[in-house]
Amino acid sequence: MKGLLLPSGSRIPVLGQGTWNMGEDPSARRDEVAALRLGLELGVSLIDTAEMYGEGGAEEVVGEAIAGRRDEVFLVSKVYPHNADRRGVQAACERSLRRMQTDSIDLYLLHWRGNVPLEETLDAFVRLREQGKIRDFGVSNFDLDDMLEAAALPGGELIATDQVLYNLSQRGIEWELLPWCRERHIPLMAYSPLESNPNEQAGLLGNPQLAAVARRHGVTPAQVAVAWLLRQENVVVIPKAVRPQHVRENRAALDLAPALTAEDLAQLDAGFPAPQRRRPLAMR
Ligand SMILES: NC(=O)c1ccc[n+]([C@@H]2O[C@H](COP(=O)([O-])OP(=O)(O)OC[C@H]3O[C@@H](n4cnc5c(N)ncnc54)[C@H](OP(=O)(O)O)[C@@H]3O)[C@@H](O)[C@H]2O)c1
């Protein structure tokens, strides 16, 4: 799997699997574990989770899916803002490690900015890193002003990523956040690449320009949406899929990405215009 370098020199895969909404319904657990395992078998080795998802339930699903194959996996999890003080981060990380039955997280993120001073969270992240409990750390849902503030604090130079809402319908970050991260070689993680949308006829996936590009390549609109993000320089993409067909399609988007032509990209720009001015960061 193609990867990007984090500021620490570690490598992050460009395509991963999301887990939001997993671990909530016990009757879905078997399918969720199977989906993540299928992704791993297909070489999609990054798994993105959070203590918030299913209030720990998603991390337990991840733990089951990666049992016996931790070495193959690039594991991302996130701490709640209300747990982001010095002691809270340490305790939350240890709980996440237990739920995922592992002794380290590859990339640990502050899920969004809350009331705890950033310097305290960064200090706690640095300590976890020194303890070997996490390998890298970063943030999520940070707009450029938050990134500038965080980057100037002790430990801020180690911020490895900003995970943000980015998809064909939500291109606001292209105005300044994405270029800023690119200049600093901080990979950006694009969440909700399909707009979280289970309805393939509505929203982003129902767009006629997207459908036309998909038809030309004999693929689905979702695959084009994921491939378009994979084409963006310095971007990691983490679609969530439980249905095996979706897992396979998303993996195949890796091969589609280099095949998108200038005509395809122009048609996608026509269907989903790039931002013409600064907009506040969109979030889910
Ligand atoms: N940092 C944050 O604040 C934040 C916020 C939101 C999300 N995230 C992360 O980003 C991940 C992805 O975002 P998301 O879960 O919001 O939404 P998403 O990946 O944009 O969309 C997920 C939905 O799309 C469906 N789907 C997946 N692959 C498909 C395909 N090839 N064709 C058609 N439909 C497909 C899934 O169905 P099935 O599951 O039924 O297959 C599911 O209903 C999350 O799971 C989470 O890990 C982070």
Side-chain angles (χ1 to χ4, degrees), residues 15-25 28-36 38-39 42 44 46-54 57-59 61-62 65 74-81 84 96 100 105 107-114 137-143 146 161-170 173 188-207 210-211 214 217 219-230 235-256 281-284:
L15 180 65
Q17 307 185 73
T19 63
W20 191 20
N21 298 126
M22 291 192 187
E24 292 177 358
D25 172 4
R29 185 176 174 122
R30 224 178 54 176
D31 289 346
E32 293 165 356
V33 169
L36 293 176
L38 173 60
L42 296 172
V44 185
L46 185 155
I47 297 180
D48 178 82
T49 190
E51 64 169 336
M52 184 186 101
Y53 303 161
E59 287 183 329
V61 168
V62 171
F74 187 101
L75 208 49
V76 185
S77 193
K78 314 182 196 82
V79 59
Y80 265 128
S96 291
M100 294 190 285
I105 293 170
L107 180 55
Y108 196 45
L109 311 180
L110 172 61
H111 208 148
W112 64 90
R113 193 168 177 180
F137 59 82
V139 294
S140 176
N141 296 302
F142 270 38
D143 208 342
D146 298 314
T161 192
D162 186 11
Q163 183 177 119
V164 293
L165 176 61
Y166 183 33
N167 58 44
L168 276 164
S169 298
Q170 296 284 353
I173 63 160
L188 197 140
M189 295 182 76
Y191 75 66
S192 303
L194 306 173
E195 226 178 24
S196 300
N197 198 343
N199 181 350
E200 293 173 37
Q201 264 71 57
L204 185 164
L205 295 180
N207 179 284
L210 181 62
H217 289 271
V219 297
T220 67
Q223 287 179 292
V224 176
V226 172
W228 177 84
L229 283 166
L230 288 167
V235 170
V236 172
V237 191
I238 49 169
K240 171 258 177 189
V242 173
R243 277 172 269 186
Q245 178 63 20
H246 287 165
V247 176
R248 290 182 195 284
E249 282 178 17
N250 296 343
R251 163 62 186 85
L254 262 183
D255 307 319
L256 173 65
L281 182 67
M283 301 181 199
R284 285 227 173 269

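Any value given below was found using the heavy atoms of this structure, including those in side chains, with hydrogens, waters and symmetry copies removed. Note that ligands are numbered from 1 as they come in the structure, with each ligand's atoms numbered from 1 the same way.
Within 6.0 Å of atom CZ in R284, more than 12 heavy atoms from other residues, nucleotides or ligands are found, so the atom counts as buried in its surroundings.
At the top of the distance list for atom 2 (C) of ligand 1, counting protein heavy atoms only, stands Y191 CE2, 3.3 Å. The protein atom (non-hydrogen) at minimum distance from atom 9 (C) of ligand 1 is D48 OD2, 3.5 Å. For atom 17 (O) of ligand 1, the nearest protein heavy atom (residue, atom name, distance) is S196 CA, 3.2 Å. Nearest protein neighbour of atom 15 (O) of ligand 1, counting heavy atoms only, is K240 CB, 3.4 Å. Ranking protein heavy atoms by distance to atom 37 (O) of ligand 1, first place goes to H246 ND1, 3.4 Å. Scanning the protein for heavy atoms near atom 44 (C) of ligand 1, the closest one is W20 CB, 3.5 Å. Protein heavy atom in closest approach to atom 20 (O) of ligand 1: L194 N, 2.7 Å. The nearest protein atom to atom 28 (N) of ligand 1, hydrogens excluded, is given as N250 ND2, 3.1 Å; this is a heavy-atom distance.
For the pair L110 and Y80, the minimum side-chain heavy-atom distance is 4.5 Å or more. Between V44 and N250, every side-chain heavy-atom pair lies at or beyond the 4.5 Å cut-off. Looking at L230 and L254, their side chains come closer than 4.5 Å, going by heavy atoms from C-beta outward.
Side-chain N or O atoms of K78 include one that pairs as donor or acceptor with a backbone N or O of T49 at under 3.5 Å. Under a 3.5 Å cut-off, the side chain of E32 and the backbone N or O of M22 do not form any donor-acceptor pair.
A salt bridge is defined here as a Lys NZ or Arg NE, NH1 or NH2 lying under 4.0 Å from an Asp or Glu carboxylate O, and D48 with K240 fails to meet this definition.
Close contacts between ligand 1 and P239 involve ligand atoms 19 (O) [criterion: under 4.0 Å to a heavy atom]. Near A241, the atoms of ligand 1 lying under 4.0 angstrom from a non-hydrogen atom of the residue are 27 (C), 28 (N), 39 (O), 41 (O). The V242 neighbourhood of ligand 1 comprises atoms 38 (P), 39 (O), 41 (O), with distances under 4.0 Å to a heavy atom of that residue.
Remark: distances from the non-hydrogen atoms of W112 to ligand 1 are all 4.0 Å or more.
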